[in-house]
2 protein chains.
Amino acid sequence: MDKRITIYDLAKTLGVSAGTVSRSLNDHQSISQKTKDRVISKANELGYKTNKFAVNLSKQKSNTIGVIVPKLNSNFMSTLLAGIEKIANEAGYNLIISQSLESTEKEIINAKTLYDSGVDALLVSLAYDTSNFDHFANYIRNKIPLIFIDRVQDLTNCSNLIIDNRLAGLEATEHLIAQGCKNLLYIGGNLKRNVYSERLQGFKDALEKHQLDFNKTHFLETNLNPDDVESVTQHIVNIKKPIDGLFVASDNFAAHIMKALKKENYKIPQDIKIVGFNNDPISELITPTLTTINYPGYEMGVLAGQSVISQLNGSIDLHSANSITLRHNLIKRESTLK
Amino acid sequence: MDKRITIYDLAKTLGVSAGTVSRSLNDHQSISQKTKDRVISKANELGYKTNKFAVNLSKQKSNTIGVIVPKLNSNFMSTLLAGIEKIANEAGYNLIISQSLESTEKEIINAKTLYDSGVDALLVSLAYDTSNFDHFANYIRNKIPLIFIDRVQDLTNCSNLIIDNRLAGLEATEHLIAQGCKNLLYIGGNLKRNVYSERLQGFKDALEKHQLDFNKTHFLETNLNPDDVESVTQHIVNIKKPIDGLFVASDNFAAHIMKALKKENYKIPQDIKIVGFNNDPISELITPTLTTINYPGYEMGVLAGQSVISQLNGSIDLHSANSITLRHNLIKRESTLK
DNA sequence: CTTAACAACGCAATCGGTTGCGTAATAAAA
DNA sequence: TTTTATTACGCAACCGATTGCGTTGTTAAG
């Protein structure tokens, strides 16, 4: 029970070569069924376990997929990961997960570590302010599948998995306008990231389309962090022309803002209507329930998983699908009732 | 740039043996500083990268830690993971994360897969109804550090990381009683799991201590799943002697229940007071804010990480710390106001 | 009966490090 | 100057598979 038995042990007891054992175990065609059966049954009998380390070295691949996300403890990210994990697991791949904690430096380190660990592919959702992408060069150079999810960047030979954030932003904003809002405010994250800048674009599009004016007072760039609630609230309270519609790029942050506004005696949705983003579980548990954009995190994870797996299997050619866009939809709830 | 260079390449260009190169790179004592410097600078010059696969095979260890959690997409679990990841990462370990999806079968498969992958240690939070633990036998037999977190089980030579759930349950319940509740209900998850059975124990302790009677109508065993909300609500609504105090073993589920009760025109906390568990962010965003037990998930993750690392480093002896209990505390909020 | 064509397996190199042990070279002690 | 330690490396086995190529025993075709 102590000594792990190897293919050599099997070979010796069976009177065949190690190569034959290996091929039998892998169901290679050039081995007779009879021999395969003998090998396999003996393997089971002796409790043979293949040593992945040796396999990895020999094949120069690890059967693991690396993942870098900004934070593990966010509903969207953990849901996304749940989807990825499910698919990867079913396909026999392990997931090595690391978080950048929104720091480019950590992202760089993680990318390097995962590269050194020999992951077969890498899935990335970028940190807030990553603007240089050299840390992915090794992956691209060595043709290791690299897929960006949600927080993406266009790099050659990498695919992106996104939703149409601009359209979603447009729809969210138009909904607010349709509900009678005249003076809107967009609250997003770092504008370096596609998700936040594109949602802002959609926001602008809507204002323009409905001939509402747009200037610097109509959007705030924040970290979507509870620490920012105070200043955001002050901005809303102190602004001369009262804001009656809020589009927040995150449900969670929207919930915080909503709480703060209620404390300031705002009535929602009477005084101010709010649209969030993501459709986090929290959005329908708070009072009033939050209108939001449904962002299918789990489905996106599943798709990301399937995409990687098929790239690894060679069943998809890298250049064919450069970008996959998932469907989103607006979910109307109490926070924007007329 | 294409051909990875190996220690043999280095050895050849430097006119030394591969062994010397290896030892130099690992700062072995038996190599002169001069030689080390030569090797290292040449290694950098040529862009040498150590091949982890070879190292793994040679050392029979992978520098990765396996983790099995019930679900990735729960606030507590993802927060826990965030803590673990931080420590593991700092110590140079990778994390292979998998989810059992509350299924024992998947847990078994995951345990086996991770074992085969050669993880150096395993962290586990058990699935709902796991009651057989043979799938961890290999770890124990081979002295691979095995640590249970939150959802634990006493196995020889494994450590547990928990809070005092029974005491927490007692405190939560006593708080309800102190606020005037006379007829309490405990809503928990599968009683096979320590966390839920112990919280129930604490609940019972409190009732007994305050001479309130306890019978089967005073607790519900559920899956803490949104699907269960309906039946739980019906139970509360239809019970003869009205319930005025609720202790729910999960904030998230408590939030769902609260919403359903409000729909049934219950006033909280006037008609019924509620205490949750975990101190999820949601607990202070809902209306009314939820009294809860603060469960330090991140700290627990950090501790779990540190514990594994020190076991791997041999700086802790397996048998010394069999169980670590973290501090919890009751956070009083609006849902239990008198 | 010969020979071509397979089928079924053995050989041995290879993947890229790690490490116990042996030894040459230099230094210190006798 | 010879002996004894030490220091600094080299040798080669080892970790446990995978795989290209060559070889043998059979079978079918000529």
Side-chain angles (χ1 to χ4, degrees), chain A residues 2-40 42-44 46-64 92 115-120 142 144, chain B residues 2-40 42-44 46-64 92 115-120 142 144:
Chain A
D2 355 31
K3 266 279 130 269
R4 267 179 90 100
I5 69 165
T6 71
I7 54 170
Y8 296 99
D9 301 325
L10 280 178
K12 199 179 300 174
T13 44
L14 286 168
V16 297
S17 77
T20 298
V21 173
S22 173
R23 281 185 252 254
S24 295
L25 261 17
N26 291 313
D27 202 28
H28 193 282
Q29 40 154 342
S30 78
I31 301 292
S32 72
Q33 193 56 47
K34 209 170 89 182
T35 305
K36 284 181 187 170
D37 292 342
R38 280 183 63 219
V39 172
I40 292 174
K42 180 60 82 178
N44 289 329
L46 269 53
Y48 167 79
K49 283 278 188 47
T50 133
N51 184 320
K52 299 254 176 150
F53 297 146
V55 179
N56 290 347
L57 173 59
S58 185
K59 294 196 172 172
Q60 293 297 325
K61 58 166 296 195
S62 61
N63 243 60
T64 62
Y115 180 75
D116 290 343
S117 308
V119 294
D120 297 336
N142 294 55
I144 298 174
Chain B
D2 356 31
K3 264 281 139 256
R4 268 176 89 99
I5 69 164
T6 71
I7 54 170
Y8 295 99
D9 301 325
L10 280 179
K12 199 179 299 172
T13 43
L14 287 169
V16 297
S17 77
T20 299
V21 173
S22 173
R23 280 186 252 253
S24 296
L25 261 18
N26 290 313
D27 201 27
H28 193 282
Q29 39 154 342
S30 78
I31 302 292
S32 71
Q33 193 56 48
K34 209 172 86 183
T35 305
K36 283 180 187 171
D37 292 342
R38 280 183 63 218
V39 173
I40 293 175
K42 179 61 80 177
N44 289 329
L46 270 53
Y48 167 78
K49 282 279 187 49
T50 132
N51 184 320
K52 299 254 176 151
F53 297 147
V55 179
N56 290 348
L57 173 58
S58 185
K59 294 197 171 172
Q60 293 297 323
K61 57 165 296 193
S62 61
N63 243 58
T64 61
Y115 180 75
D116 290 343
S117 309
V119 293
D120 297 336
N142 294 57
I144 298 174

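Please read all numbers here as calculations on a predicted model, not as lab measurements. Only this structure's heavy atoms are used, side chains among them; waters, hydrogens and symmetry mates stay out. Just so it is clear: chains get the letters A, B, ... in the order the sequence lines come, proteins before strands, and each one is counted from 1.
For the OP1/OP2 pair of D:dC9 and a distance below 4.0 Å, the side-chain nitrogens and oxygens of B:Thr35 include at least one atom meeting the criterion. Taking only side-chain nitrogens and oxygens, A:Tyr48 comes nearer than 4.0 Å to OP1 or OP2 of D:dA17. Between B:Asn51 and C:dC15 there is no side-chain N or O to OP1 or OP2 distance below 4.0 Å. When the side-chain nitrogen and oxygen atoms of B:Ser22 are compared with OP1 and OP2 of C:dG17, none of them lie within a distance under 4.0 Å.
A donor-acceptor distance shorter than 3.5 angstrom exists from the side chain of A:Arg38 to the backbone of A:Leu14, with no hydrogens or angles considered.
Considering only the side chain of A:Ser32, C:dC9 comes nearest among C:dG17, D:dC9, C:dC9. Across D:dG16, C:dC9, C:dG16, the shortest atom-to-atom separation from the side chain of B:Gln60 is found for D:dG16. For B:Ser17, taking side-chain heavy atoms from C-beta onward, the closest of the listed nucleotides D:dC11, C:dT18, D:dA17 is D:dC11. Of the candidate nucleotides D:dG16, C:dC9, D:dC9, C:dC9 has the atom nearest to the side chain of A:Ser30. For B:Ala54, whose side chain is taken as the heavy atoms from C-beta onward, the closest listed nucleotide among C:dG17, C:dT18, D:dT18 is C:dG17. Side-chain proximity of B:Thr20 to the nucleotides C:dC15, D:dC9, D:dT18 is greatest for D:dC9. You'll find that the side chain of A:Leu57 is closest to D:dG16, out of C:dG17, D:dT18, D:dG16.
Nucleic acid contact for A:Asn56: none, since no nucleic acid atom lies under 4.0 Å from a heavy atom of the residue. The residue B:Lys49 sits close only to the backbone: its heavy atoms come under 4.0 Å of sugar-phosphate atoms, none of a base. Residue-level contact check: A:Gly118 touches neither bases nor backbone, having no heavy atom under 4.0 Å from any strand. Among the atoms of the strands shown, none is found under 4.0 Å from any heavy atom of A:Phe53.
In the interface, the side chain of B:Arg23 is not paired with the base of C:dG17 through any donor and acceptor atom under 3.5 Å apart.
Heavy-atom nearest nucleotides on DNA chain C were determined for A:Gly19 and for A:Ser58, and the one closer to the 5' end corresponds to A:Gly19.
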Inset, instruction - Please report the C-alpha distance between A:Asp9 and A:Leu46 in whole Å, then the side-chain angles of each, then the deciding distance to 0.1 Å, and finally whether the side chain to side chain contact (heavy atoms under 4.5 Å, CB included) criterion is met. - result: CA-CA 10 Å; A:Asp9 301 325; A:Leu46 269 53; 5.6 Å; no

